[in-house]
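The next block holds one structure in the form of structure tokens; read it before the comments.
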2 protein chains.
Amino acid sequence: MNTTAPHRLDPSLLANLPPFSQLERRQIREILDAASVRRLEEGSVVFEEGAPAERFYMLLDGVLRVVRITEGGEQVIALHIPTGQLFGIARALGRDTYPATSVMASEGIILSWPTSLWEHFIASYPGFATETYKTLGARVGEMNARIVELATQHVEQRVANALLRLMNQTGKRTGNAIEITFPITRQDLSEMTGTTLHTVSRLMSAWEKAGLVESRRKHVSVLDPHGLVELAQGQHP
Amino acid sequence: MNTTAPHRLDPSLLANLPPFSQLERRQIREILDAASVRRLEEGSVVFEEGAPAERFYMLLDGVLRVVRITEGGEQVIALHIPTGQLFGIARALGRDTYPATSVMASEGIILSWPTSLWEHFIASYPGFATETYKTLGARVGEMNARIVELATQHVEQRVANALLRLMNQTGKRTGNAIEITFPITRQDLSEMTGTTLHTVSRLMSAWEKAGLVESRRKHVSVLDPHGLVELAQGQHP
DNA sequence: AGGGAAGTTTGTTCAAGCGCAAAGTCCGGA
DNA sequence: TCCGGACTTTGCGCTTGAACAAACTTCCCT
């Protein structure tokens with residue numbers, strides 16, 4: 001299952017990513033040589049909540065979805081991780097088990113290393129620790145924002161915010177629209193916002209009619225980000 | 001404003017707290033000598049969201065409330081921090097500004113150090129970093145749980161969960177009840193659960209009638225934790 | 001090209017819980 | 001001891017959005 005490095009990976013893959021950007025070529029070489037590479041399909045599970053944290057990962061291509069399941073069997077999408085970030089770094093928070101399940105939201109490529117190397121990375125590569133904790137900080141900030149959202153905002157605002165967040169993380173200009181670059185269903189959006197796919201569908205239809213977004217099956221583009229921001233702020237109830 | 005150490009603090013104050021528990025007496029002495037002490041009233045603001053993170057803190061006594069304010073001016077209680085934890089450690093996540101406001105939920109005592117000492121603490125005191133990141137990990141776990149809660153549960157379940165969480169963090173046996181050891185209003189509970197004080201009041205009245213809880217003004221005791229757990233799981237809708 | 005699965009739309013019904021309003025109760029301070 | 005403010009309770013109407021139901025569309029596989 002672990003398709004290890006075909007031969008040798010191009011160092012430039014890592015050289016621009018924050019946790020590695022301050023390292024010398026030689027060090028990046030070491031890091032790559034220790035890594036396993038896997039190409040994964042949309043929907044592949046990378047690891048499950050509660051499993052022993054045996055490896056940590058870097059998302060080289062694609063988008064990852066961090067998911068939790070309630071006792072009632074409902075899914076909640078806690079977070080999306082964009083290309084170029086570390087994930088599964090339970091070790092950084094002193095855990096020995098993964099706190100959530102990770103699933104590929106699109107096809108993509110991941111690198112991974114055994115957790116036993118974590119301490120080594122932290123100790124040997126200057127800037128690695130700092131950058132890692134910065135990422136973590138950003139993630140905590142995002143979680144906080146979501147708590148506030150869920151606690152105070154209406155469904156319409158929450159869905160608008162979810163779209164904006166995805167747009168900022170993975171959006172790409174396409175003509176005059178900004179396209180969310182990985183497959184996303186109404187169901188997904190509902191699991192990000194704590195509502196039902198029905199409600200999301202209704203909202204999206206209305207927004208499409210109003211010229212704010214454009215959507216095909218499993219695909220969403222934002223036409224009018226500013227309009228969405230206004231909705232997110234409850235401007236036009 | 002910074003009531004510095006009256007004379008010298010008793011080292012045993014810190015010796016049992018996780019981040020310091022593995023240190024030698026001499027090291028704890030150093031740490032205490034570098035600290036400022038303040039005794040704070042209920043309601044005192046320790047620091048505000050967005051302010052430069054000039055110091056980091058240890059809550060020696062009392063309970064702290066981490067609060068965020070929405071653009072609309074509504075408060076959301078993101079977290080309660082129990083006695084004996086570090087807080088305001090923006091530095092640990094590579095931030096140079098506090099991500100939320102901290103307010104004393106009861107009167108209490110805090111120690112603090114200038115942020116410039118953070119790197120020194122991490123580097124000089126073995127176990128300090130690990131323990132800190134463990135705490136952070138637990139906090140992330142709690143935030144995650146709240147996101148799932150807010151996204152999937154009904155108001156009744158959320159309020160029950162909030163009470164249970166407070167009970168576990170700060171509860172003390174009093175007769176056959178478990179009392180939440182700091183002042184808490186219906187308003188507070190509503191700000192923890194994303195609802196209104198009215199709804200919380202109704203729920204509490206019902207629970208009191210059912211013998212699950214007992215409450216005086218600004219005080220809550222849990223009589224039947226197991227019953228609350230059932231409510232939290234939606235057993236009795 | 002046909003069939004089926006996955007995803008989406010839309011309608012209808014209905015209850016949870018919010019907004020608003022008002023009164024009651026407890027507490028500390030003058 | 002009385003007053004005023006802070007906290008709590010309760011009632012009522014109404015909106016939001018969930019639940020249920022069913023049809024439709026798109027995509028993929030054979």
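Within every chain, numbering begins at 1; the chains are lettered A, B, ... in the order of the sequence lines, protein sequences first and strands thereafter.
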Given DNA chain C, 5'-ward residue of the pair A:Thr185 and B:Arg158, judged by closest heavy atom: A:Thr185
Using atom [atom1] of [X] as one end and atom [atom2] of [N] as the other, report the distance to the nearest whole Å.
| X | N | atom1 | atom2 | value |
| --- | --- | --- | --- | --- |
| B:Gln187 | D:dT8 | CD | P | 9 Å |
| B:Asp188 | D:dA6 | CG | C1' | 13 Å |
| B:Leu189 | D:dC7 | CG | P | 13 Å |
| B:His219 | D:dA6 | NE2 | P | 18 Å |
| B:Leu197 | D:dT9 | CG | C1' | 10 Å |
| A:His154 | D:dA18 | NE2 | P | 12 Å |
| B:Arg216 | D:dT8 | CZ | P | 12 Å |
| A:Ile184 | C:dG7 | CD1 | P | 12 Å |

Would [X] and [Y] count as having a side-chain donor-acceptor pair, cut-off 3.5 Å?
| X | Y | value |
| --- | --- | --- |
| B:Gln153 | B:Gln233 | no |
| A:Arg55 | A:Ser112 | yes |
| B:Thr174 | B:Glu179 | yes |

If you check the [X] side chain, which of [options] turns out closest?
| X | options | answer |
| --- | --- | --- |
| B:His198 | C:dA21, C:dT8, C:dG17 | C:dA21 |
| A:Thr199 | C:dT9, C:dG17, D:dA18 | D:dA18 |
| B:Thr196 | C:dG19, C:dT10, D:dT8 | C:dG19 |
| A:Arg217 | C:dT10, C:dT8, D:dT26 | D:dT26 |

A:Phe47 ring center within less than 6.0 Å of A:Tyr57 ring center: yes
Does [X] have a side-chain nitrogen or oxygen under 4.0 Å from the phosphate oxygens OP1 or OP2 of [N]?
| X | N | answer |
| --- | --- | --- |
| B:Ser205 | D:dT10 | yes |
| A:Ser201 | C:dT9 | yes |
| B:Arg186 | D:dT8 | yes |

Exam field: side chain A:Ser106 to backbone A:Phe182, donor-acceptor pair closer than 3.5 Å: no
Upstream residue (5' side of DNA chain D) when A:Arg202 and B:Lys209 are each assigned their closest nucleotide: B:Lys209
